[in-house]
Amino acid sequence: MIRTENLEKHFGKLHVLKGVNTSFSGGEVVSVIGPNGSGKTTLIKSILGMVVADKGKIYFDNKDVANDFSYRHHIGYMPQIGRYPENMKMGQLFSMMKDLRKSSSTLDEELMNEFQLKTMFDKPMRTLSGGTTQKVSAALAFLFNPKVLILDEPTAGLDPLASEILKAKILKAKSEGKLVIVTSHIMSEVEEMADKIMYLFEGNIYFYKTITELKTETGEEKLGKAIAKIMTQQAHA
Ligand code: ADP
Ligand code: MG
């Protein structure tokens with residue numbers, strides 16, 4: 001569904017993506033992990049066209065996205081930090097997004113309902129807690145029923161119940177054949193949701209494997225331990 005070829009990005013002298021070659025298919029949840037600053041958000045934003053890569057290509061359904069931005073309608077994006085017009089009320093935000101999108105796809109208001117956001121529609125965005133803002137971002141990402149979801153640290157700041165609701169929604173999207181790319185720092189959560197793990201390290205893919213592969217190759221039952229083992233093995237190789 002999505003493929004990158006030799007994606008490179010510099011911010012000034014900082015070489016943030018060093019030729020990332022990868023692909024993502026429908027019906028899977030891919031967890032992108034790696035230390036802070038390893039390039040996860042930059043990779044995601046490049047795929048979304050929010051960051052322009054210096055080199056390389058991105059294909060969506062085998063089409064080079066360079067000259068045609070329409071692929072973005074197929075992606076629902078939940079940013080790491082959602083920023084919204086401060087004085088806009090939550091309800092206005094949802095109506096504005098619907099107006100802007102004029103999408104013909106059926107709306108998916110499941111998350112909006114499960115998070116009970118309607119009860120807060122008259123609240124200005126600036127008055128919302130971080131967690132509630134995250135719920136709004138998540139509900140918006142799923143609203144237009146996109147076939148790809150890109151979620152940047154979606155559960156950071158969510159309360160436990162909201163996290164469970166979102167995780168269930170992610171698994172449901174996967175069962176419907178959608179592609180979900182999600183960054184996270186929480187190993188238990190990665191283990192619950194992901195089929196594959198992409199480990200980014202200093203702008204390169206360190207490994208990109210299924211959870212099963214990681215566990216069998218290392219002989220470790222716990223994902224966190226399996227990853228630690230691979231990291232130390234490679235460091236000593
Ligand atoms: P991650 O999401 O893995 O924590 P990022 O992709 O956000 O990492 O950032 C990778 C590196 O690029 C970091 O060193 C970060 O400070 C830098 N960076 C990210 N965005 C910008 C930007 N717009 N301008 C300058 N440096 C940036
Ligand atoms: Mg990030």
Side-chain angles (χ1 to χ4, degrees), residues 2-24 28-58 60 65-66 69 72 75-84 130-131 133-142 146 148-158 162-163 166-167 170 179-209 211 214 223-224 226-228 230-231 234-235:
I2 297 177
R3 187 155 51 88
T4 74
E5 266 176 27
N6 264 313
L7 219 52
E8 288 211 35
K9 180 66 187 175
H10 290 81
F11 286 116
K13 283 184 181 161
L14 197 65
H15 203 178
V16 180
L17 298 179
K18 299 176 181 166
V20 174
N21 289 293
T22 192
S23 65
F24 304 93
E28 60 186 29
V29 178
V30 178
S31 219
V32 180
I33 64 173
N36 292 325
S38 53
K40 302 181 294 295
T41 297
T42 305
L43 175 62
I44 282 175
K45 285 190 173 174
S46 308
I47 291 172
L48 288 159
M50 296 167 69
V51 158
V52 182
D54 310 325
K55 265 193 205 164
K57 285 191 184 301
I58 298 164
F60 191 94
V65 305
F69 294 124
R72 287 196 224 169
I75 306 181
Y77 170 53
M78 177 177 174
Q80 192 166 0
I81 299 165
R83 294 185 202 283
Y84 302 100
T133 307
Q134 286 290 92
K135 289 180 192 172
V136 170
S137 297
L140 287 174
F142 282 88
V148 177
L149 290 135
I150 299 186
L151 315 172
D152 201 355
E153 304 201 21
T155 58
L158 284 186
S163 293
L166 181 56
K167 280 189 262 179
I170 289 172
L179 162 64
V180 188
I181 301 174
V182 49
T183 71
S184 175
H185 284 294
I186 308 162
M187 275 311 120
S188 57
E189 190 173 286
V190 170
E191 189 154 18
E192 270 176 80
M193 285 190 298
D195 301 289
K196 287 186 186 161
I197 297 187
M198 174 182 295
Y199 195 104
L200 269 188
F201 188 70
E202 295 180 354
N204 287 305
I205 297 178
Y206 211 66
F207 61 78
Y208 185 21
K209 289 174 190 282
I211 293 195
L214 284 166
L223 181 64
I227 290 172
I230 289 203
M231 299 303 290
Q234 298 210 0

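Note that ligands are numbered from 1 as they come in the structure, with each ligand's atoms numbered from 1 the same way.
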Show all protein N/O/S atoms under 2.8 Å from the Mg ion (ligand 2), or state that there are none. T41 OG1, Q80 OE1
F24: partners by ring pair (Phe, Tyr, Trp, His ring centres under 6.0 Å), with sequence neighbours left out: none
Distance filter under 4.0 Å, heavy atoms only, around ligand 1 gives F11, L14, V16, P35, N36, G37, S38, G39, K40, T41, T42
Could you tell me which non-hydrogen atom of T4 sits nearest to which non-hydrogen atom of V20, and how far apart they are? OG1-O, 2.8 Å
Determine, step by step, whether F142 and L166 satisfy the side-chain contact (heavy atoms from CB on, under 4.5 Å) criterion, reporting the C-alpha distance in whole Å, the side-chain angles of both residues, the deciding distance to 0.1 Å, and the verdict. CA-CA 10 Å; F142 282 88; L166 181 56; 3.9 Å; yes
Does NZ belonging to K196 count more than 12 external heavy atoms closer than 6.0 Å? yes
A side-chain contact here means heavy atoms from C-beta on lying under 4.5 Å apart; do I75 and P146 qualify? no
Nearest heavy-atom neighbours spanning S184 and I33: O-CG2, 3.5 Å
What are the two closest non-hydrogen atoms of S137 and Y84, and how far apart are they? OG-OH, 2.6 Å
Listed by chain and number, what are the ring pair (Phe, Tyr, Trp, His ring centres under 6.0 Å) partners of F11, not counting sequence neighbours? none
Will you find, in the side chains of H15 and E202, an N or O donor that is under 3.5 Å from an N or O acceptor? no
